[in-house]
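Have a look at the structure below, then the notes.
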Amino acid sequence: MGKQSVLGGFCVWLKKAKPFLAMVSLQFGYAGMYIITSVSLRKGMNHYVLAVYRHVFATLVIAPLAFFLERKTRPKLTLPIFLRIMALGFLEPVLDQNLYYVGIKYTSASLASTSINMLPAVTFILALIFRLEKVNLKKFHSLAKVIGTVITVMGAMIMTLYSGPIIHFIRSRGAIHHQSTTASANTHHYFIGILCLLGGICCWSGFFILQSFTLERYPAELSLTALICLMGTVEGAMVSLIFERDMSAWKLGFNSRLLAASYTGVVCSGIAYYVQGVVIKERGPVFVTSFSPLCMIITATLGTINLSELVHLGSILGAIIIVIGLYTVVWGKSKDSKSIEESALTGEKGNVQELPITNNDHGGIIDGPARVLNIPTANNIKDYVMSK
């Protein structure tokens with residue numbers, strides 16, 4: 001009996017911890033993506049081509065799994081759902097990823113991962129616009145979500161408008177040479193890179209919101225992931241052929257280009273889309289975006305050691321302020337979820353539980369219009385007995 005209770009308790013804990021473990025694992029995968037794609041782009045790989053190959057690999061991995069595992073549960077693909085999938089395929093695989101690749105190329109992998117911390121605030125704003133989130137300024141936890149969003153935007157402005165001196169955390173080989181060669185590039189392209197990163201964040205947030213709406217009508221995570229990757233491949237290829245006419249840019253070899261395309265496709269598109277869809281369905285889009293600071297720390301460490309990336313004081317200050325705003329939003333969101341659960345248990349009309357009674361066409365037991373039967377709770381009964 002003792003072993004069974006311990007095993008049962010572990011299973012309960014594991015079920016509760018699954019969303020957390022899934023999102024932490026994804027942050028390690030994203031950190032690897034930033035480093036690998038940064039190396040590949042610096043070696044001359046075209047970012048349009050990388051985005052297309054990324055979703056080719058993702059489609060090849062996810063499509064067979066979706067076909068076999070969701071063959072009996074896959075809902076019918078209607079025209080409105082297909083149009084949403086087309087929008088999802090253009091919003092994240094094409095717009096977001098190309099903007100992010102340009103941002104990484106013009107700034108650094110560390111700064112790109114730092115800017116991701118704005119994602120919860122932007123997602124919260126869009127969720128508020130589309131009525132997925134509610135704000136009651138009379139409640140402190142709702143006010144905290146608004147304050148956290150403002151703090152996050154302030155941190156992004158500091159990171160964008162103020163660079164400051166270079167901070168040397170770890171001195172690695174080639175750091176001096178890297179500093180001299182990238183200083184001029186940062187002067188010319190730093191601001192453009194920041195704008196591209198911010199644009200990518202807005203597209204990614206919109207992707208989360210639209211994915212949340214689409215899952216309500218098409219609750220098949222693997223199939224939706226495969227269709228998004230497929231549409232991202234088709235739409236990305238059309239955009240790439242318009243902006244990149246050189247066919248030699250499409251060549252892949254056993255080098256960093258192949259590694260970047262396969263790794264980002266399998267891990268960061270195929271697996272990530274599916275895991276995010278499952279967690280969004282269970283915990284909501286704001287929860288999914290609340291783990292980004294972990295990715296920032298991992299990427300900054302790897303980028304400083306392996307890529308000799310330069311870290312500016314403005315980026316550090318902006319990152320700290322963004323993280324403070326991030327967890328203010330997440331704290332408010334967690335308190336909001338608890339209040340919703342409490343109101344669902346107790347009811348907002350007091351301690352009286354309401355049971356709807358409607359006409360029963362099959363049995364004919366109850367006649368007349370629908371009405372509400374008030375069932376007193378244990379506290380109501382206790383008060384009634386004490387008054388007698």
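These numbers were taken from a predicted model, which means no experiment stands behind them. Counting begins at 1 with the first residue of the sequence.
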Any side-chain heavy-atom pair of [X] and [Y] under 4.5 Å:
X      : Y      : result
Met86  : Leu83  : yes
Leu77  : Leu227 : yes
Glu282 : Val279 : no
Val52  : Glu244 : no
Pro93  : Ile228 : yes
Arg217 : Arg84  : yes
Thr37  : Ile104 : yes
Met231 : Leu88  : no

Starting at [atom1] of [X], measure out to [atom2] of [Y] and round the result to the nearest 0.5 Å.
X      : Y      : atom1 : atom2 : answer
Leu126 : Ser212 : CG    : OG    : 12.0 Å
Lys139 : Lys145 : NZ    : NZ    : 10.0 Å
Leu99  : Glu92  : CG    : CD    : 11.0 Å
Asn46  : Tyr101 : CG    : OH    : 11.5 Å
Leu210 : Ile85  : CG    : CD1   : 9.5 Å
Leu65  : Ile271 : CG    : CD1   : 9.5 Å

Steps toward side-chain hydrogen bond (donor to acceptor under 3.5 Å, both in side chains) verdict (Arg74, Ser223):
CA-CA 7 Å; Arg74 187 185 303 109; Ser223 299; 2.9 Å; yes

Where the side chain of Glu235 meets the backbone of Phe90, is there a donor-acceptor pair that is under 3.5 Å apart?
yes

At their closest point, which heavy atom of Ala58 faces which heavy atom of Cys229, and how far apart are they?
CB-SG, 3.6 Å

Joint hydrophobic cluster, Met154 plus Leu317, side-chain heavy atoms closer than 4.5 Å
no

Indicate, with yes or no, if Tyr263 and Tyr274 share a hydrophobic cluster defined by side-chain heavy-atom contacts under 4.5 Å among Ile, Leu, Val, Met, Phe, Trp and Tyr.
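Linked, Tyr274 and Tyr263 end up in one cluster.
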
Any ring pair (Phe, Tyr, Trp, His ring centres under 6.0 Å) pairs touching residues 52-83, not counting sequence neighbours?
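Every ring pair (Phe, Tyr, Trp, His ring centres under 6.0 Å) pair that includes a residue of residues 52-83, provided the two are not neighbours, is Tyr53-Trp250.
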
Can you list the residues that meet the ring-ring contact (aromatic ring centres under 6.0 Å, His included) rule with Tyr48, with sequence neighbours excluded?
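Expected list: Phe243.
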
